[in-house]
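Read the structure below first, then the notes.
Just follow the structure's listing: the first ligand is 1, and inside any ligand the first atom is 1.
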Amino acid sequence: MSKLLEGRSALILGIANKWSLAYSIAEAFSRHGAVLSLSYLDERQKQSIEELSRDWNVAAILPCDVTREEQLAALTESLRATGRPLHAVVHSLAFANREDLGRPFVETGRQGFLLAQEVSAYSLVAVARATAPLMTEGGSLTTLTYIGSTRVVPNYNVMGVAKASLEAATRYLASDLGPQKIRVNAISAGPVKTASARAVKDFSSILEWGPKRAPLRHNTEPAEVADAAVFLASDLARGVTGNILFVDSGMQVMGL
Ligand code: IMJ
């Protein structure tokens, strides 16, 4: 297959381990010829990223806690120092307190609500501001979302509200950054057994729906999400911005 991202540089935030959707996306970007910069939250993630990325074309592995303005500013400067324009950014980050995913949404406290919004939604705005100045040849910003933003999914709770905010932010950022030829889109992935999904009560029973009910009759695979991310970052998607692209075996269309 042709290399869709040859000569492009990409920043990928959110690789925690080899189950992360960001990991599959980075692997696909690398296969398509992109030069990667990867960000980590803590030392443990830094180590796993170093090990996981050995076979890729990696320009930099950089610290980035998206709740810290000074780290975002340092990220901008480190990327600037690579001396090449940035073409693509993948934002694959979310966090809510575990207790807020387990009990009724009505019991969500102010701090837990704001934490989920800060890490899972505001961070897209912060990352856009930190990276747009480097996308001097135009570019693409892609985030990951979930159907729990618009429909009630048991236990998703405060994350559903954060994803609704993230999707709205995707549209407003698309409007703001379009004149600079920066496209902003979200991929709404079907359930995948990542580390952050494994932590969810009854996740295995959720995975029984795909093969039985989804139009394509299988569960979403990380490689399917990764291929869609390659498309969105590539010139093939040059007319696509402000979109939520469902990569979910078609599950989203079902009423029952
Ligand atoms: C998460 C909670 C409830 C139901 C869920 C999920 N379903 C899926 C997820 C059905 C697919 C995974 N998902 C889409 C997420 O956005 C997960 C976010 C998340 C997960 C955790 C677990 C560990 C923790 N905090 C978290 N914060 C966000 O401490």
Side-chain angles (χ1 to χ4, degrees), residues 12-25 40-42 44-45 48 65-67 90-109 111-124 127 142-170 185-214 216 218-226 228-229 244-252 254 256:
I12 300 186
L13 305 104
I15 304 180
N17 51 54
K18 66 178 172 190
W19 296 284
S20 303
L21 290 177
Y23 167 78
S24 297
I25 293 169
Y40 61 88
L41 181 59
D42 52 32
R44 211 182 60 190
Q45 279 192 6
S48 35
D65 176 341
V66 291
T67 65
V90 175
H91 169 280
S92 186
L93 309 165
F95 187 78
N97 287 326
R98 213 175 161 146
E99 312 84 75
D100 289 330
L101 299 171
R103 53 175 145 83
F105 176 67
V106 67
E107 289 170 22
T108 308
Q111 288 307 321
F113 186 96
L114 293 174
L115 175 68
Q117 288 285 335
E118 178 175 29
V119 178
S120 314
Y122 181 74
S123 63
L124 184 72
V127 166
T142 302
T143 187
L144 275 297
T145 187
Y146 182 61
I147 188 74
S149 63
T150 32
R151 249 79 63 109
V152 173
V153 173
N155 301 319
Y156 202 56
N157 302 344
V158 74
M159 270 309 306
V161 179
K163 290 300 194 187
S165 169
L166 177 74
E167 291 174 17
T170 299
N185 295 288
I187 294 172
S188 188
V192 176
K193 209 164 190 168
T194 61
S196 61
R198 236 180 266 272
V200 175
K201 252 193 326 216
D202 297 330
F203 195 75
S204 302
S205 71
I206 291 166
L207 292 177
E208 289 172 15
W209 284 74
K212 281 193 198 139
R213 301 288 191 115
L216 295 175
H218 71 265
N219 278 319
T220 299
E221 289 162 13
E224 297 172 336
V225 176
I244 313 295
L245 177 58
F246 285 86
V247 180
D248 67 344
S249 289
M251 196 63 197
Q252 175 245 348
M254 302 303 294
L256 207 62

| query | Of all the non-hydrogen atoms in the protein, which one sits nearest to atom 21 (C) of ligand 1, and at what distance? | reply | Leu101 CD1, 3.6 Å
| note | Closest to atom 5 (C) of ligand 1 among protein heavy atoms sits Tyr156 CD1, 3.7 Å
| Residue and atom name of the nearest protein heavy atom (relative to atom 27 (N) of ligand 1), distance in Å to one decimal | Ala96 N, 2.9 Å
| task | May I ask you to identify the nearest protein heavy atom to atom 8 (C) of ligand 1, giving residue, atom name and distance to one decimal place in Å? | result | Phe203 CE1, 3.6 Å
| note | Looking only at non-hydrogen atoms, the one of Gly160, Ala197, Pro154 nearest atom 12 (C) of ligand 1 is Ala197
| query | Where is the tightest heavy-atom contact between Gly210 and Asn219, given as atom of each residue plus distance? | reply | CA-OD1, 3.4 Å
| query | Numbering the atoms of ligand 1 from 1, which are under 4.0 Å from a heavy atom of Ala199? | reply | 22 (C), 23 (C)
| said: Does Arg213, at its CZ atom, have more than 12 non-hydrogen atoms belonging to other residues, nucleotides or ligands within less than 6.0 Å? | reply: no
| field | Which residue and heavy atom of the protein sit nearest atom 3 (C) of ligand 1, plus the separation | value | Val200 CG1, 3.5 Å
| request: Run the numbers on Leu115 and Asn97 for side-chain contact (heavy atoms from CB on, under 4.5 Å), then give the verdict. | output: CA-CA 8 Å; Leu115 175 68; Asn97 287 326; 3.4 Å; yes
| field | Contacting atoms of ligand 1, where contact means under 4.0 angstrom from a heavy atom of Ile206 | value | 10 (C)
| said: Checking the side chain of Ser48 only, and the main-chain atoms of Ala16 only, is there a donor and an acceptor separated by less than 3.5 Å? | reply: yes
| request: Look at atom 22 (C) of ligand 1 and say which protein heavy atom is nearest, naming residue and atom and giving the distance to 0.1 Å. | output: Ser196 O, 3.5 Å
| request: Examine Lys163 against ligand 1 and note whether any of their N/O atoms are separated by less than 3.5 Å. | output: no
| What is the closest protein heavy atom to atom 10 (C) of ligand 1, and at what distance does it sit? | Tyr146 OH, 3.2 Å
| said: Apply side-chain contact (heavy atoms from CB on, under 4.5 Å) to residues Tyr146 and Met159 and explain how you reach the verdict. | reply: CA-CA 9 Å; Tyr146 182 61; Met159 270 309 306; over 6 Å; no
| request: Kindly determine whether Phe246 and Ile147 satisfy side-chain contact (heavy atoms from CB on, under 4.5 Å), including the steps that lead there. | output: CA-CA 9 Å; Phe246 285 86; Ile147 188 74; 3.7 Å; yes
| Top protein contact for atom 18 (C) of ligand 1, by heavy-atom distance | Met159 CG, 4.1 Å
| task | Please assess Asn17 against Ser20 for the test side-chain contact (heavy atoms from CB on, under 4.5 Å), listing each intermediate value before the final yes or no. | result | CA-CA 6 Å; Asn17 51 54; Ser20 303; 3.6 Å; yes
| said: Can you classify the ring geometry of Phe105 versus Phe113 as parallel (below 30°), tilted (30 to 60°) or perpendicular (above 60°)? | reply: tilted
